[in-house]
A.B. asks: 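This is the structure, below, for whatever I ask next.
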Amino acid sequence: MADSVLIDTLQFGPEDAPVQKYEIYGDDESTPTHAVIYRKDDGGWQKLDEALSFAAEDEQKEATEAMGYGSGDSLPDLRDLPAEAREHCEQHWQNSQQ
């Protein structure tokens, strides 16, 4: 994860004072693998022990094998994985508010 690429940062809570944020990282800009979660307190953003992981890497491998693509072939864009990762983060935020 040391050479992961920051894909997006999402913040949730009141518009003028977000209380939780998610930093989505991946192997590249189109393949999210995990999100680091932070919660805001009096001292600023604190990283939580909890993190989200996305199955993008496994899905790419399965799609490559199923479609018969070789390792030198480029994988076609099957889905918008970054958008799905953002939705997953939003669902996590909503579930944590219940």
Side-chain angles (χ1 to χ4, degrees):
M1 286 190 212
D3 41 338
S4 294
V5 174
L6 177 62
I7 297 173
D8 202 353
T9 301
L10 307 173
Q11 296 186 0
F12 297 101
E15 194 170 315
D16 58 340
V19 294
Q20 192 157 307
K21 75 176 176 178
Y22 296 77
E23 290 183 347
I24 301 172
Y25 292 91
D27 295 332
D28 57 45
E29 293 174 356
S30 61
T31 313
T33 57
H34 66 284
V36 179
I37 305 169
Y38 296 85
R39 186 158 296 139
K40 195 169 200 174
D41 63 17
D42 294 335
W45 291 107
Q46 302 299 319
K47 182 178 174 182
L48 302 182
D49 290 335
E50 181 182 7
L52 299 178
S53 49
F54 309 115
E57 193 171 327
D58 295 336
E59 289 178 16
Q60 270 193 334
K61 183 178 178 185
E62 288 176 17
T64 302
E65 291 170 357
M67 294 181 170
Y69 286 91
S71 59
D73 295 332
S74 63
L75 184 65
D77 291 334
L78 301 175
R79 296 178 5 219
D80 186 353
L81 297 175
E84 289 182 21
R86 287 188 287 275
E87 288 174 16
H88 190 76
C89 290
E90 185 171 355
Q91 286 176 339
H92 181 271
W93 161 251
Q94 290 174 351
N95 291 339
S96 71
Q97 298 307 298
Q98 297 176 1

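All residue numbers in this chain count up from 1 along the given sequence. As a basis for the values below, the full set of heavy atoms in this structure was taken, side chains included, without hydrogen atoms, waters or symmetry mates. None of the values given here were measured: they were computed from a predicted structure.
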A.B. asks: Rounded at 0.5 Å granularity, tell me how far OG1 in Thr33 sits from CG in Asp28.
C.D. replies: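 The CG atom of Asp28 is 9.5 Å from OG1 of Thr33, to the nearest 0.5 Å.
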A.B. asks: Do Tyr25 and Tyr22 belong to the same hydrophobic cluster, where Ile, Leu, Val, Met, Phe, Trp and Tyr are linked whenever their side-chain heavy atoms lie under 4.5 Å apart, directly or via other members?
C.D. replies: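 No: no chain of side-chain contacts under 4.5 Å links Tyr25 to Tyr22.
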A.B. asks: Would you call the rings of Phe12 and Trp93 parallel, tilted or perpendicular, taking 30° and 60° as the class edges?
C.D. replies: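 Ring orientation of Phe12 relative to Trp93: parallel.
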A.B. asks: The criterion is side-chain contact (heavy atoms from CB on, under 4.5 Å); which residues satisfy it with Thr9, sequence neighbours excluded?
C.D. replies: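 Only Leu6, Lys21, Glu23 meet the side-chain contact (heavy atoms from CB on, under 4.5 Å) criterion with Thr9.
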A.B. asks: Name all residues meeting the side-chain contact (heavy atoms from CB on, under 4.5 Å) criterion together with Glu29; count only those two or more places apart in sequence or in a different chain, and write none if there are none.
C.D. replies: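 Counting only residues at least two positions away or on another chain, Glu29 forms a side-chain contact (heavy atoms from CB on, under 4.5 Å) with Val5.
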A.B. asks: Test of understanding: with side-chain contact (heavy atoms from CB on, under 4.5 Å), list the residues that count as partners of Ala83, not counting sequence neighbours.
C.D. replies: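 Asp80, Arg86.
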A.B. asks: Going by side-chain contact (heavy atoms from CB on, under 4.5 Å), name the residues that satisfy it together with Ala35, two or more places apart in sequence or in a different chain.
C.D. replies: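 Listed in chain order: Ile24, Leu52, Phe54, Cys89.
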A.B. asks: Which side-chain hydrogen bond (donor to acceptor under 3.5 Å, both in side chains) pairs, counting each pair once, include a residue from residues 40-51, with sequence neighbours left out?
C.D. replies: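 As it turns out, the side-chain hydrogen bond (donor to acceptor under 3.5 Å, both in side chains) pairs with a partner in residues 40-51, which skip direct neighbours, are Glu50-His92.
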A.B. asks: On a heavy-atom basis, which atom in Ile37 and which in Ala51 lie closest, and how many Å separate them?
C.D. replies: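 Heavy atoms of Ile37 and Ala51 come nearest at CD1-CA, 4.2 Å.
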A.B. asks: Is there a side-chain contact between His88 and Pro32, using heavy atoms and a 4.5 Å cut-off?
C.D. replies: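 Contact flag for His88/Pro32 side chains = no.
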